[in-house]
Amino acid sequence: MQVRFGYVAMSVIVQNASPSKTMTATNFSKLQDREAAIRKLERIAEENIHNTLRLLRHNRAHGIEVFRFSSRLIPLIGHELLAGWDPYPVLAGPFAELGAYVREHGMRVSFHPDHFTVLSTPRKEVLDSSIADLNRHVRMLEAMGLDTRAKSNIHIGGTYGNKPSARERFVRHFGLLGDEVRQRLTLENDDKTFNAAETLSVCEEVGVPMVLDVHHHAVNNDGESAESLWPRIAATWDGPNGSGLAPKIHVSSPKSEADPRGHADYVEAGPLHHFLQSIAASTPRLDVMIEAKRKDDALMKLVEELSGLDGVKRSGEAAVELGG
DNA sequence: ACCTGTCAAGTCTGG
DNA sequence: CCAGACTTGACAGGT
């Protein structure tokens with residue numbers, strides 16, 4: 001099994017390369033000259049996109065081929081203060097350059113719209129803004145010229161005290177999305193609400209790939225092991241929306257006993273090693289997204305540590321090989 | 001240079 | 001019905 005590793009949005013190694021610079025709405029509305037304020041937002045967005053490209057160059061230098069973009073590349077987009085604003089004339093060039101780099105080096109990239117995007121919601125206004133947010137993520141990927149292998153990963157959402165009806169709403173709302181959005185979605189199990197088995201059943205029903213978060217699974221399950229669910233999870237990547245991609249998992253380690261759901265600075269190699277060994281024979285390729293405070297530093301340390309363990313062979317600066 | 005309170009967005013819990 | 005917690009990086013305003 002070939003395993004690649006990636007990390008989320010920002011580097012702790014490359015300095016002054018934030019892809020998430022912003023301006024507060026309060027500050028925006030304080031500016032007298034709206035046109036000048038909008039130009040400032042556009043400059044921040046260009047800087048965020050350029051810093052993302054710098055991160056990808058850093059990744060390439062370290063053999064890292066998997067990466068999650070920040071969802072805050074364009075500050076305040078979608079806010080009512082910016083109604084009617086179209087930043088794309090200015091950002092088309094920078095986005096295209098970023099996407100070209102991704103394609104040129106065969107990188108796997110994704111977004112993870114944050115928890116304000118909730119398709120299980122019973123509130124129409126929340127559903128509308130969620131759909132608008134998903135559409136905006138697709139728009140960015142299209143501006144980068146990336147095909148449907150570039151995904152947006154989301155959770156199913158809240159349960160509102162009635163999980164079956166929340167599930168039913170999710171499926172119904174999913175059907176309202178445009179093809180271009182649905183083809184780019186993946187669903188991830190949650191640490192509080194929809195667990196891995198429940199998320200998997202939704203993925204199978206609506207035909208989207210599932211991202212297994214092994215840490216979320218450890219703190220939210222009905223007693224079944226991740227290994228026992230894996231064959232079905234892996235199979236969701238064989239469907240039409242899997243687009244020939246390797247299955248993807250998220251890994252992180254508990255912050256502490258007092259806060260088992262929080263993310264620690266680094267990722268412990270032991271539990272991951274155990275999981276990888278259990279699926280290696282049946283899974284030719286796997287991509288692992290590291291969700292740790294120490295970002296790319298944690299990635300390199302994890303790959304280093306894994307490489308010293310049973311049956312693991314290092315096959316690159318940010319890749320290992322197991323079994324077979 | 002460094003510290004603290006605040007920030008677009010949602011949901012859940014407890015009052 | 002409403003306030004606060006949750007969680008995160010970064011701003012804003014202070015020292």
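Numbered from 1 within each chain, the chains take letters A, B, ... in sequence-line order.
When the side-chain nitrogen and oxygen atoms of A:Arg261 are compared with OP1 and OP2 of C:dT7, one or more of them lie within a distance under 4.0 Å. Not one side-chain nitrogen or oxygen of A:Ser130 sits closer than 4.0 Å to the OP1 or OP2 atom of B:dG10. For the pair A:Tyr160 and B:dT11, the criterion of a side-chain N or O lying under 4.0 Å from OP1 or OP2 is met. OP1 or OP2 of B:dA8 has not a single side-chain nitrogen or oxygen of A:Arg72 nearer than 4.0 Å. For B:dC12, one of the phosphate oxygens OP1 or OP2 lies less than 4.0 angstrom from a side-chain nitrogen or oxygen of A:Thr159.
For DNA chain C, the residues of residues 14-36 of chain A within the heavy-atom distance limit of 4.0 Å (strictly under) are A:Ser18, A:Ser20, A:Lys21, A:Thr22, A:Thr24, A:Asn27, A:Lys30, sorted by number.
Using cut-offs of 30° and 60° for the angle between ring planes, the A:His58 and A:Tyr7 rings count as perpendicular. Using a 30° and 60° split on the angle between ring planes, A:His215 and A:His263 fall in the tilted class, from 30° to 60°. Using a 30° and 60° split on the angle between ring planes, A:Phe69 and A:Phe67 fall in the perpendicular class, above 60°.
In this entry the distance linking CD1 of A:Ile156 with P of B:dC12 reads 13 Å, nearest Å. For the pair A:His112 NE2 and B:dG10 P, the computed distance is 17 Å after rounding to whole Å. Nucleotide C:dA10 holds its C1' atom 14 Å from the CG atom of A:Asp114, rounded to whole Å. Protein atom NE2 of A:His115 is 13 Å distant from nucleotide atom P of C:dC6, rounded to whole Å. Rounding to whole angstrom units, CZ of residue A:Arg68 and P of C:dG9 are separated by 12 Å. If you measure from atom CG of A:Asn135 to atom P of B:dA9, you get 20 Å, rounded to the nearest angstrom. Per the geometry, CG belonging to A:Asn51 stands 10 Å off P belonging to C:dA10, to the nearest Å. Note: CG (A:Asp191) to P (B:dT11) measures 16 Å, nearest angstrom.
Across all strands shown, A:Lys255 has no heavy atoms under 4.0 Å from either base or sugar-phosphate atoms. Residue contacts for A:Ile44: at a heavy-atom cut-off of 4.0 Å it reaches no nucleic acid atom on any strand shown.
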**OP:** Using Watson-Crick or G-U wobble pairs with both distances under 3.5 Å, give me DNA chain B in dot-bracket, 5' to 3', with [ ] for crossers and | for pairs to another strand.
**Re:** |||||||..||||||

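Heavy-atom nearest nucleotides on DNA chain B were determined for A:Arg136 and for A:Ser120, and the one closer to the 5' end corresponds to A:Arg136.
Side chains of A:Trp230 and A:Thr283: a donor-acceptor N/O pair is present below 3.5 angstrom, by distance only.
Figure legend: A:Arg34 and A:Phe28 shown without cation-pi pairing, the cationic atom not lying both under 6.0 angstrom from the six-membered ring centre and within 45 degrees of its axis. By the 6.0 Å and 45° rule, A:Arg68 does not stack over the aromatic ring of A:Phe111. Geometric assessment of A:Lys301 against the ring of A:Tyr266 yields a positive cation-pi assignment under the 6.0 Å and 45° thresholds.
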**OP:** Starting from the C-alpha separation in whole Å, work towards a yes-or-no answer on salt bridge (charged side-chain N to carboxylate O under 4.0 Å, His left out) for A:Asp114 and A:Arg72.
**Re:** CA-CA 10 Å; A:Asp114 58 13; A:Arg72 300 170 190 222; 3.3 Å; yes

Original post:
Where do A:Arg314 and A:Glu304 land on the salt bridge (charged side-chain N to carboxylate O under 4.0 Å, His left out) test, with the steps shown first?
Top reply: CA-CA 8 Å; A:Arg314 197 157 182 163; A:Glu304 185 70 41; 2.9 Å; yes

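One finds no salt bridge joining A:Asp265 and A:Arg294 here, because no Lys/Arg side-chain nitrogen approaches an Asp/Glu carboxylate oxygen to under 4.0 Å.
Between the P atoms of B:dG10 and C:dA10, the separation comes to 22 Å (whole Å). Distance noted for atom P between B:dT11 and C:dG9: 22 Å (whole Å). Between the C1' atoms of B:dT6 and C:dG4, the separation comes to 15 Å (whole Å). Taking the P atom of each, C:dA5 and B:dG5 are spaced 13 Å apart, rounded to whole Å.
Once the 5.5 Å centre distance and the 30° plane angle are applied, the aromatic ring of A:Phe116 is found not to be stacked with the base of B:dG10.
Ring centroids of A:His155 and A:His112 are separated by less than 6.0 Å, placing the two rings close together.
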